[in-house]
2 protein chains.
Amino acid sequence: MVKYLKIYETIKQRILEMEYRLNEKLPDGASLGKEFDCSELTIKKALDILVADGLVVRKRGSGSFVKRPLNTTTSHLHGTKANAIKHGKEVTSNNLKFEIIPADERIAERLNCNRGDLIYHIIRVRIIDSLPTVIEDTYMPVNILNGLTIEHTQDSIYSFITNQLKLKIHSSTMEISIVKANEIESENLNVPLNDKLVAVEQIVYLDNGDIFEYSISKHTTDTYHFSTNFVRL
Amino acid sequence: MVKYLKIYETIKQRILEMEYRLNEKLPDGASLGKEFDCSELTIKKALDILVADGLVVRKRGSGSFVKRPLNTTTSHLHGTKANAIKHGKEVTSNNLKFEIIPADERIAERLNCNRGDLIYHIIRVRIIDSLPTVIEDTYMPVNILNGLTIEHTQDSIYSFITNQLKLKIHSSTMEISIVKANEIESENLNVPLNDKLVAVEQIVYLDNGDIFEYSISKHTTDTYHFSTNFVRL
DNA sequence: AAGTGGTCTAGACCACATT
DNA sequence: ATGTGGTCTAGACCACTTC
């Protein structure tokens, strides 16, 4: 690991373990540079990540201060399964569809590919702690996800992507709105027809700029919970 | 403005105006350094912001490439009014409550202040394009928002904070879930009792680490729409 | 082998806050 | 006046990609 990340981890640890306490002033750049045997700029890079995390505030002329403790945000840069496991829950999947189709106009636009390109189309009901909770409608380019099988979809597609294919997820866009359950959704999620569902539309980017997923998930309202934090750029 | 921000703006402009086109390779660091008469590190800082924006991907060994066009994300680091205006909508407010109260246990924890500290407590119904759309329950420390009047709450509190008090918003945390309308909400939002609403709980931080707002907003499901993008840190 | 980004240094200079 | 962070430079060295 590179130096500034090591320093970042070390200082983060100190904050989380209260070695540096809330509102306490951190040592200045020069002192930290001596401690970690590096230049002040390298210290700055480490502290800048802590600032983005919201754990530190730096004030020109007065110093760097410890701020709020880390809050546990569910990252939507992981899959449904990884998030559930992080919260100690069991996930199974019920595949409604696993097919390869040519991209139509709309899908091609979302996936930034050409019409006719081959696309995995997967519809799954995710069952969390024995409760049908989400129905996920997912589109992924075959040329990126080459080798994806129905077995992977039973488990975690994200783990296939990161562990097997060694691809790295960079970012995602997300839109949340409320929709009414149609017949299929009603049946599979065990809710009344026209009951309200939380619709989440996502486009997920790899760090090379490629899009590997476009999906629409519909969640039951009882179970849906989303939390995040923003930092102004 | 500092150099790297100027360079960032310039290059962003070139991408948005298609001078640098999608998937096109940008000039390398040394060339850009010559063009902008600066060091390569300064170029890197500018390009790094474009990477965070998702507009550029940098690949060690091969170069920097233009990626997807900017998408219009509604920032929740602005107020309800600013967001509505950006979408060309009219906002008015109907104040249900404007009081100053001492912080109880729960509020003190959320606002990271002491029990008994004075807090503005404001409840407003926001009417967007003649439709009652959100009921906002807001708590703000008096010592930070000193001078806030009921007139400001009729308009935009955010504009008071940024324009009058010259405070800068740094970040926010946000939680979304679905709840049932109680009597007050049902009446004011003109929906049936127990109808579902989108509850958004927010804590907003200033760049000095202080919290200036804790709020719970409840939106009608017909109108709620949230979009954002994440970047993995 | 050549091209290109990423990390790191030492030091200069500036902007802002505190005393 | 002093302390502290922010920007910027010039150059070294390394890691990865392409040819």
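Owing to the predicted nature of the structure, the values given are computational and were not obtained by experimental measurement. Lettering follows sequence order; numbering is per chain, from 1.
- Checking the phosphate oxygens (OP1, OP2) of C:dT9, a side-chain nitrogen or oxygen of A:Lys3 falls inside 4.0 Å.
- In terms of modelled atom types and a separation under 3.5 Å, the side chain of A:Lys12 and the main chain of A:Leu55 share no donor-acceptor contact.
- Looking at heavy-atom distances under 4.0 Å, B:Asp48 makes no contact with the nucleic acid at all.
- In this structure, CZ of B:Arg60 is placed 6 Å from P of D:dC16, rounded to the nearest angstrom.
- Atom C1' of nucleotide D:dT7 and atom NZ of B:Lys6 are separated by 12 Å, given to the nearest angstrom.
- Put simply, B:Lys44 has a side-chain N or O that comes within less than 4.0 Å of OP1 or OP2 on C:dG6.
- With rounding to the nearest 0.5 angstrom, the OG1 atom of B:Thr153 is 5.5 Å from the CD1 atom of B:Ile122.
- Comparing C:dG5, D:dC8, C:dA10 against the side chain of B:Ser64 picks out C:dG5 as the nearest.
- Residue A:Tyr4 has no polar side-chain atom (N or O) positioned under 4.0 Å from OP1 or OP2 of C:dC8.
- The separation between A:Asp37 atom CG and C:dT9 atom P is 8 Å, rounded to whole Å.
- Aromatic ring orientation, A:Phe212 versus A:Tyr158: perpendicular (interplanar angle above 60°, classes split at 30° and 60°).
- With rounding to whole Å, A:Glu40 atom CD is found 8 Å from D:dG5 atom P.
- Both A:Ser39 and B:Lys59 lie near DNA chain C, and the one whose nearest nucleotide falls closer to the 5' end is B:Lys59.
- Remark: P of C:dC14 and CE of B:Met1 are 20 Å apart, rounded to the nearest angstrom.
- Atom CG in A:Asp28 sits about 16 Å away from atom P in D:dT2, given to the nearest Å.
- Residue A:Leu47 is out of contact with every strand shown, counting any heavy-atom pair closer than 4.0 Å.
- The residue among A:Leu41 and A:Gly63 whose nearest nucleotide of DNA chain D lies closer to the 5′ end is A:Gly63.
- Between A:Lys45 and C:dT7 there is a side-chain polar atom (N or O) within less than 4.0 angstrom of OP1 or OP2.
- An OP1 or OP2 oxygen of C:dA17 is reached within less than 4.0 angstrom by no side-chain nitrogen or oxygen of A:Ser62.
- Taking 4.0 angstrom as the limit, A:Thr42 places none of its side-chain polar atoms (N or O) nearer than this to OP1 or OP2 of C:dT7.
- For the OP1/OP2 pair of D:dG6 and a distance below 4.0 Å, the side-chain nitrogens and oxygens of A:Arg58 include at least one atom meeting the criterion.
- B:Ile43 places its CD1 atom 14 Å from the P atom of C:dT4, with the value rounded to the nearest Å.
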What do the steps show when you test B:Thr149 against B:Glu151 for side-chain hydrogen bond (donor to acceptor under 3.5 Å, both in side chains), and what is the final call?
CA-CA 5 Å; B:Thr149 67; B:Glu151 280 74 34; 3.2 Å; yes

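- The cationic atom of A:Lys3 (NZ for Lys, CZ for Arg) does not lie both less than 6.0 Å from the six-membered ring centre of A:Phe36 and within 45° of the ring axis.
- One can place NZ of B:Lys34 at 12 Å from P of D:dA10, the figure rounded to the nearest angstrom.
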